[in-house]
2 protein chains.
Amino acid sequence: MKKDSKQEIAYQFIRSRITEGIYVQGQRLVIDTLGKELNLSPIPIREAIRRLEAEGLVTIKAYSGAVVSFIDEKEYFEVLSTLAALEGYAVVTSISQVTIEQIGELHEINLQIKEALHQFNFNGYIKLNKEFHLCTIKYCTNKSLFNLIEQMWEKLDTIRRLKPMYFPTRAPEAISEHEKIISLLETKQPSFEIEQFIRKHHLAAIHEYNKNVTSS
Amino acid sequence: MKKDSKQEIAYQFIRSRITEGIYVQGQRLVIDTLGKELNLSPIPIREAIRRLEAEGLVTIKAYSGAVVSFIDEKEYFEVLSTLAALEGYAVVTSISQVTIEQIGELHEINLQIKEALHQFNFNGYIKLNKEFHLCTIKYCTNKSLFNLIEQMWEKLDTIRRLKPMYFPTRAPEAISEHEKIISLLETKQPSFEIEQFIRKHHLAAIHEYNKNVTSS
DNA sequence: ATATTTTAAATTATATATGATTTGATATAT
DNA sequence: ATATATCAAATCATATATAATTTAAAATAT
């Protein structure tokens with residue numbers, strides 16, 4: 001049972017405050033204040049903030065201090081657009097590994113997604129939607145690709161918490177599109193068709209957003 | 001003219017030592033030694049190493065120290081495979097922005113690539129090849145996507161320096177494939193065709209590598 | 001001779017103090 | 001009243017010292 005170093009404690013604390021939306025974008029992170037709050041000296045705080053800077057969550061201005069990074073709302077859709085390309089690709093490169101078990105699991109998650117929609121459980125919906133998509137690439141053997149996709153899902157989560165804005169879910173359509181995705185996987189349809197469908201599934205949220213923004 | 005902080009100096013120093021292959025994978029990075037070498041106290045060294053850890057270049061084991069990260073040779077091809085998907089996508093999403101100037105620039109770079117090959121200038125070839133590919137996505141408006149692709153090219157460069165292994169170039173084929181890419185862009189061929197050609201262009205190196213590895 | 005334990009050395013992790021820089025408040029000039 | 005300069009406060013950045021941990025070497029036991 002290895003005890004976390006102080007630096008690690010500070011990192012986890014600050015990081016979760018950011019990803020949970022408690023620290024808002026633009027908020028100053030004052031090293032002395034954080035040190036007092038956590039009963040640590042400034043050094044482990046500074047190291048933790050350096051790590052968070054490298055992850056893009058925090059922006060450090062030399063000699064001025066650190067703030068929670070500002071997020072341009074475009075970024076959500078840029079990441080989503082990039083994810084659209086990668087996820088489709090990851091799914092088709094692991095299509096030969098698809099199992100009956102995985103198909104069953106996807107069906108199960110999609111049932112839970114539908115239930116979350118019926119219960120007006122937005123957070124549950126978002127969490128399960130991510131699970132569904134990560135399940136589609138479960139057997140992706142390209143570790144770099146898998147990790148990158150995971151990081152992108154995390155990034156989307158973080159932006160949603162940091163940036164109050166409208167995030168389109170298209171829940172009813174998405175749920176039925178999930179069923180289609182499962183079907184495409186189960187029947188091992190041509191790679192192109194699978195890749196394009198998954199890509200369009202994600203890009204549809206961007207179109208939805210643009211439709212709403214231009215009409216208001 | 002802003003003077004770099006000591007932390008920044010340490011970061012740049014260590015980072016370039018790694019990316020230039022002077023520090024080899026697995027090499028211990030001893031904080032005191034680096035501090036003496038740079039005439040700095042341990043704190044800015046530690047902060048720099050934290051940043052490098054977050055970039056994956058360095059692996060820190062708590063209380064034991066930092067080493068230059070080990071690279072699994074698979075990673076090169078995993079990153080290249082992921083890049084294949086992303087670059088094709090980035091090119092087709094910015095196809096409408098292609099200019100005569102860009103086409104001319106691509107031709108020019110490819111001429112220089114051919115010259116580097118004739119002069120047995122491996123490093124020049126690698127550098128120009130990267131330039132060529134970054135030029136194909138020059139007008140990509142999705143900043144996240146552009147930055148990600150740039151980072152991946154950097155990653156490939158770093159792995160090549162850190163990991164002594166065979167890296168297939170297929171130089172003559174690659175050069176003529178570049179010409180084909182330029183032609184596809186110039187004539188605004190269908191997105192699918194462009195995307196697939198670029199993807200296959202990159203994946204061909206992986207096939208080449210596998211061919212050579214299984215035959216030896 | 002080999003295995004285990006103990007000790008010493010090397011290095012990491014962090015506290016505290018101090019120097020450096022930026023920001024904000026106040027005073028002065030126009 | 002507004003603009004500029006000066007000063008003070010807040011905070012950052014880092015040096016130095018100390019505590020903590022790991023690793024390697026030496027001593028002891030089998």
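These values consider heavy atoms only, across backbone and side chains, with no hydrogens, waters or symmetry-generated copies. By convention in this document, chain letters (A, B, ...) are assigned in the order of the sequence lines, proteins followed by strands, and residues within each chain are numbered from 1.
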| remark: By side-chain hydrogen bond (donor to acceptor under 3.5 Å, both in side chains), A:His207 pairs with (sequence neighbours left out) none
| task | Verify whether one side chain among A:His178 and A:His107 offers a donor that lies under 3.5 Å from an acceptor in the other. | result | no
| field | Whole-Å gap separating C1' (C:dT12) and CD1 (B:Ile43) | value | 11 Å
| Rounded to whole angstroms, how far apart are CD1 on A:Ile45 and P on C:dA13? | 16 Å
| field | Among D:dT14, C:dT16, D:dT16, the nucleotide that comes nearest once only the side chain of B:Pro44 is considered | value | D:dT14
| Whole angstrom value for the distance that separates P of C:dA13 from CZ of A:Arg50 | 17 Å
| task | Rounded to the nearest angstrom, tell me the gap between atom CG in A:Leu38 and atom C1' in C:dT14. | result | 14 Å
| said: Distance check needed: C:dA13 P versus A:Lys6 NZ, whole Å only. | reply: 13 Å
| said: Rounded to whole Å, how long is the line connecting atom CD1 of A:Ile9 with atom C1' of C:dT14? | reply: 12 Å
| request: Mind checking A:Glu47 for me? I need base, sugar-phosphate or nothing, with any heavy atom below 4.0 Å counting as a touch. | output: nothing
Show me the donor-acceptor pairs within less than 3.5 Å that the side chains of residues 149-156 of chain B make with the rest of the protein, sequence neighbours left out.
unit_1   : atom_1 : unit_2   : atom_2 : d
B:Trp153 : NE1    : B:Glu87  : OE1    : 3.2
B:Glu154 : OE2    : B:Lys130 : NZ     : 2.8
B:Lys155 : NZ     : B:Glu75  : OE2    : 3.4

| request: To the nearest Å, give me how far apart CD (A:Glu8) and P (C:dT14) are. | output: 10 Å
| field | salt bridge (Lys or Arg N to Asp or Glu O under 4.0 Å): pairs with one or both residues in residues 9-24 of chain B, sequence neighbours excluded | value | B:Arg15-B:Glu55, B:Arg17-B:Glu37
| query | Considering residues at least two apart in sequence or located in another chain, which fulfil the side-chain contact (heavy atoms from CB on, under 4.5 Å) criterion with A:Arg46? | reply | A:Ile31, A:Arg50, B:Glu47
| task | Would you please name every residue forming a side-chain contact (heavy atoms from CB on, under 4.5 Å) with B:Phe122, sequence neighbours left out? | result | B:Ile126, B:Thr169
Short N/O separations, protein against nucleotides 8-12 of chain D, under 3.5 angstrom:
unit_1 : atom_1 : unit_2  : atom_2 : d
D:dC12 : OP2    : A:Ile31 : N      : 3.3
D:dC12 : O3'    : A:Tyr63 : N      : 3.4

| Distance in angstrom units between A:Asp4 CG and C:dT14 C1', rounded | 16 Å
